[in-house]
Structure formats: structure tokens, C-alpha cells
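Proteins come first, then strands; the chains are lettered A, B, ... in the order of their sequence lines, and each starts at number 1. What you see is a predicted model; the values in this text were computed from it and never measured.
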Amino acid sequence: MIKVNENNVEWEVGMTVRSLLIKMKYSFPMLVVKINGDLVKKADYDTTPIPDEASVMVIHLISGG
Amino acid sequence: MIVTDTLLFFAAHDPELLPFWRNATIGIAGAGGLGSNIAISLCRAGIGKLIIADFDTVSLTNLNRQQFYLDQVDLLKVDALRANLLRISPYTEIRTIPRRVSADNLAQIFGSVDILIEAFDAAEQKQMLIESWQVLYPHKPIIAASGIAGVGDNDSLKTIRLGNLYLCGDGSSELLPGISPVAPRVAIVANMQANLCLELLLPRPGEKD
């Protein structure tokens, strides 16, 4: 089990940031992703594994300023 | 140049808080709706030094929400903003950078700041800045904004904290193509960022960095 934005989500073997984003249907193009407080760069979403028990935060960024 | 009396100028400031702000250097990435409002509030608060970067010029369509004036159309935003800040206070040192901020020049432009404030328009730029900053300076705060479009709905505006990354806004209001954000909500979010910045500069008893 992992936490995604404070919600419980079932952990899966081989889970990456990319597969989690797809599973959660987070389709926004610009995101900030942190695993256990550490930022994951956009270029590393495909290759960064999510460990079981991880706390993941996903925030989407919206234009305007 | 109008001469002011330093002691009198700061007589209305809180003497216990002011030294923390006078000694601070704050970076503002972007001098549009967010950045122009942020700079004015931080200047009034007595921040010692501002570093403001923006490559753009003032256009007529900016005046619906950005702190510029009719006679400043076509000026570089950083030049116009500097002029406006100097009309408020001569006590904030202002360094202006008329360049586009990128991952490659971020350290050169903003490496000396205590806190960086993200005040860009495009989500892609926001993402680049947040990501690059957190990789370069994981221990220095960055205060970003996301979700400022529309009118009303005051209670949806909030601050989310992810370690040293702070995000102000409603987190959800999308901009429609061709439609600008509206002055009050832009200014509110800008001032949430400025307000948080002033708070973060104060000592926080019991909280580790």
C-alpha cells in the first residue's frame, strides 16, 4: 500500500512514477511529483520506481501569472 | 529624487520583524501579474534586495492585472517595475535581469537569493523553474503559484507545502485560451506568495530546516 496525496493506493510490483500517473489518470502535462519528500524530475518518470509504503505527492501546475 | 528620512520611513514597521526583512535577498522570476504585485509588497515591507528577471515588455493588455501604467507600455517590464518601486521606497536594492530564465542561467541569476518566488505565466516554465531549483538548492525555499484564473471563490485559495516547495492558488482554475486572469485574484495570490515569503524569513522556533 502507498499513499498518493494522502489517499491509500494499492502498490504493484514494478510500479514507476509513469505507471502510477496512468493508473491514477493524472493526465495533466505539467506536474510536480515527490516520493517521500524527494522531487522526481519529469525526465525520470519512466525510470523511477515507487517503493512499497511510499508517500507520493502529485500536484499539477496550471498556467497563469 | 525625493529625499526621505530613513528612521521616519521605517517608523511604521515592526522593529522586531524588520531586521530579518532588511537583511534578505529575494528572487522574483517573472515580472507580470504575479511578479509586479509581489515586488511592490516586498518593497513596501522593507526587503533589503530584490532580484527580478523578465525578458518581456509591457503591453496594453497587461494593464488589466499588472502593476504598470499607460505611459509604460513598450518599456521592459523590469525597467518599468524598477521605476515604480523607486517611487515607493529607495531602501530596497533592485537588481533587474532582462533575460529569459532557464535551467542553464538559474544559478547565475538567482544563486544568491534566500528565497525564490515563481511568478511565471506558462505551466511549462513553472515546472522548469521548480524542478531546476529543487535540484540545485534543495534547502532553499521556492514559492510558486498555480491556479489563479477567474473571479470570486476566495475560500478556494490556499497554500500547499511539499518540503521547501510552497504552492499558492486554488490548484485547479484553468485559463481559457485568450482570456487573462483578473486583477483581484492575481493580486491575492501574488500577495499570498509575498506574505508567505515574509513569514519564512522570520525565525521559526522549534522547526528544523
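- For the pair B:P141/B:L116, no side-chain contact is recorded, criterion being any heavy-atom separation below 4.5 Å from C-beta on.
- For the atom pair B:I97 CD1 and B:I28 CD1, the distance stands at 12.0 Å (nearest 0.5 Å).
- B:S89 places no side-chain N or O within 3.5 Å of a backbone atom of B:R44 that could act as its donor or acceptor partner.
- Taking the ring axis of B:F55 as reference, the NZ or CZ atom of B:R100 stays within 45° of it and closer than 6.0 Å to the ring centre.
- Only the backbone of B:S173 comes within contact range of chain A, with at least one heavy atom under 4.5 Å from a heavy atom of that chain.
- One distance of note links CD1 of B:I160 with CG of B:L167; it measures 6.0 Å at 0.5 Å rounding.
- With sequence neighbours excluded, the residues forming a salt bridge (charged side-chain N to carboxylate O under 4.0 Å, His left out) with B:K49 are B:E93, listed by chain and number.
- Residue B:L162 touches chain A through both its backbone and its side chain, counting heavy-atom pairs closer than 4.5 Å.
- Separation of the B:F110 and B:Y137 ring centroids does not fall under the 6.0 Å cut-off.
- Residue pairs meeting the ring-ring contact (aromatic ring centres under 6.0 Å, His included) criterion with at least one member in residues 39-60 of chain A, sequence neighbours excluded: A:F28-A:H60.
- For the options B:L165, B:V189, B:V186, heavy-atom pairs under 4.5 Å to chain A are most numerous at B:L165.
- Below 4.5 Å, heavy atoms of chain B meet heavy atoms from A:M57, A:I59, all part of residues 48-59 of chain A.
- The parts of A:K41 that come within reach of chain B are both its backbone and its side chain, each placing non-hydrogen atoms under 4.5 angstrom from that chain.
- Counting heavy-atom pairs closer than 4.5 Å to chain A, the top residue among B:G32, B:G163, B:A122 is B:A122.
- Highest contact tally toward chain A, considering only B:I130, B:N37, B:D121, is held by B:D121 [criterion: heavy-atom pairs under 4.5 Å].
- Residue B:Q134 touches chain A through its side chain alone, counting heavy-atom pairs closer than 4.5 Å.
- In this structure, the side-chain contact (heavy atoms from CB on, under 4.5 Å) partners of B:P98, at least two apart in sequence or on a different chain, are B:L76, B:V78.
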